[in-house]
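Working notes for the structure below.
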Number of protein chains: 2
Amino acid sequence: MKKVISEIGEKLRSNEYKLTPQRQQILEVLLENKDKHLSAEDVYNLVKQKSPDVGLATVYRTLELFLEFDIIHSVNFGDGRKRYEYGENSDGHHHHHAICLKCGKILEINEDLLEELERQVAEQYRFTITDHELKIFGYCEGCKVNAK
Amino acid sequence: MKKVISEIGEKLRSNEYKLTPQRQQILEVLLENKDKHLSAEDVYNLVKQKSPDVGLATVYRTLELFLEFDIIHSVNFGDGRKRYEYGENSDGHHHHHAICLKCGKILEINEDLLEELERQVAEQYRFTITDHELKIFGYCEGCKVNAK
DNA sequence: GAGATAATGGTAATCAGTTTCATTATATAA
DNA sequence: TTATATAATGAAACTGATTACCATTATCTC
């Protein structure tokens with residue numbers, strides 16, 4: 001994790017930004033909670049446990065900064081707040097989410113599987129693709145039996 | 001369009017809801033603006049042109065009602081407001097959106113192209129899929145030349 | 001047609017996210 | 001190293017979308 005942090009620090013510094021203690025703590029929280037889909041307030045509460053004097057505004061500003069440099073990305077599950085996630089595939093594309101409509105569980109789908117679709121879209125629509133966000137809705141194994 | 005409206009009215013009535021004049025006008029606005037991604041306030045303004053005495057609260061309530069019965073669906077393009085859309089594929093799945101990061105244009109991708117991916121996800125994750133939402137980010141034909 | 005129920009419109013309240021501003025930390029230059 | 005400019009922070013005020021409340025109106029049932 002140390003290495004990841006210093007690489008990100010480097011990325012920020014090369015863009016005239018600093019990895020301040022607050023920013024680093026926010027980053028650590030994100031790294032410790034991959035695939036947890038934290039909201040800004042979740043991050044705030046977790047960071048507060050480490051250093052209680054970090055402000056909510058700083059959390060929002062830092063998340064915005066990390067988004068700008070593609071250090072994290074945000075997902076919207078329709079519950080009225082943005083959620084933030086560290087981590088992406090080797091090709092820079094993001095993984096998918098399967099959301100159970102019954103119990104709300106969210107599965108991480110780590111395979112990309114969109115190459116062929118993206119090839120077709122790129123060709124038919126003359127669109128140059130840089131990233132994607134796919135949400136799949138349905139019922140997880142435990143819930144499918146008595147589904148709607 | 002008459003037919004669609006009466007079918008939807010039927011759907012509501014069979015669930016103990018009425019297609020009131022206000023609801024019908026909201027529905028008409030949505031039908032007249034397929035693929036336009038209207039926000040609640042957009043809908044409100046358009047409905048007001050027809051009948052100025054419709055309230056914003058009614059618009060929100062009606063959109064929520066239509067969502068509940070899968071008459072419309074909502075998409076979030078990250079601009080801080082939900083957007084609403086009528087229309088789906090023949091199999092009940094929704095079409096995709098390609099969003100240009102430069103000019104903000106949104107292309108409607110009407111091909112499904114996810115069958116194989118969904119087959120694999122269903123098998124590997126034992127997940128029963130009922131719908132999906134795919135957003136593709138990149139640069140449209142006009143913007144790709146001078147893209148970042 | 002009277003009473004129960006559902007739906008509506010206006011407005012107040014809520015809540016995630018943003019902006020402001022005074023203060024603190026950091027970096028640069030003499 | 002000291003002064004000075006600049007960046008970052010925290011607290012609190014503000015914003016804008018959405019929701020809740022409540023009194024009024026329309027609709028349905030008997």
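Being a predicted model, the structure only gives us computed values, none of them experimental.
Checking the phosphate oxygens (OP1, OP2) of dT18(C), no side-chain nitrogen or oxygen of Y60(A) falls inside 4.0 Å.
By the 30° and 60° cut-offs, the orientation of the rings of H37(A) relative to H97(A) is perpendicular.
If you run salt bridge (Lys or Arg N to Asp or Glu O under 4.0 Å) between D42(A) and each of K48(A), K82(A), R83(A), only R83(A) comes through.
A distance of 6.0 Å separates CG in L134(A) from CG in L114(B), rounded to the nearest 0.5 Å. The CZ atom of F127(B) lies 9.0 Å from the NZ atom of K144(A); values are rounded to the nearest 0.5 Å. Note that CZ of R81(B) is 14.5 Å distant from OG of S74(B), once rounded to the nearest 0.5 Å.
Out of dA17(D), dT26(C), dT18(D), the shortest distance to the side chain of K18(A) is found at dT26(C). Of the candidates dT18(D), dG9(C), dT27(D), the closest approach to any side-chain atom of Q22(B) belongs to dG9(C). Of the listed nucleotides (dT18(C), dG17(C), dA20(D)), dG17(C) has the atom at the smallest distance from the side chain of R81(A). Distances from the side chain of T20(A) to the nucleotides dA8(D), dG17(C), dT8(C) place dA8(D) closest.
Each of P21(B) and Y44(A) has a nearest nucleotide on DNA chain D; the 5'-most of these lies closest to Y44(A). Of the two residues near DNA chain C, K48(B) and R23(B), the one whose nearest nucleotide lies more 5' is R23(B). Mapping E16(B) and L56(B) onto DNA chain C via the closest heavy atom, the residue that lands nearer the 5' end is E16(B).
Contacts between residues 29-36 of chain B and DNA chain C, defined by a heavy-atom separation below 4.0 Å, involve no residue at all.
Between the CG atom of L63(B) and the C1' atom of dA7(C) there is a distance of 15 Å, rounded to whole Å. Distance CD (E41(B)) to P (dT19(D)): 14 Å, rounded to an integer number of Å. Going from atom CG of L19(B) over to atom P of dA6(C) covers 18 Å, rounded to whole Å. In this entry the distance linking CD of E64(A) with C1' of dT19(C) reads 13 Å, nearest Å. Regarding D79(A), its CG atom lies at a distance of 15 Å from the C1' atom of dA17(D), rounded to whole Å. Per the geometry, CD1 belonging to I26(A) stands 10 Å off C1' belonging to dT9(D), to the nearest Å. Residue K82(A) contributes atom NZ, which lies 14 Å from atom C1' of dA17(D) at whole-angstrom precision. Following rounding to the nearest Å, L38(B) (CG) and dA17(D) (P) show an atom-to-atom distance of 15 Å.
Ring centers of H93(A) and H95(A): at least 6.0 Å apart, outside the cut-off.
Side-chain atoms of R61(A) and T58(A), non-hydrogen and from C-beta on, do get closer than 4.5 Å to each other.
Counting any heavy atom pair closer than 4.0 Å across all strands shown, R61(B) reaches a base atom.
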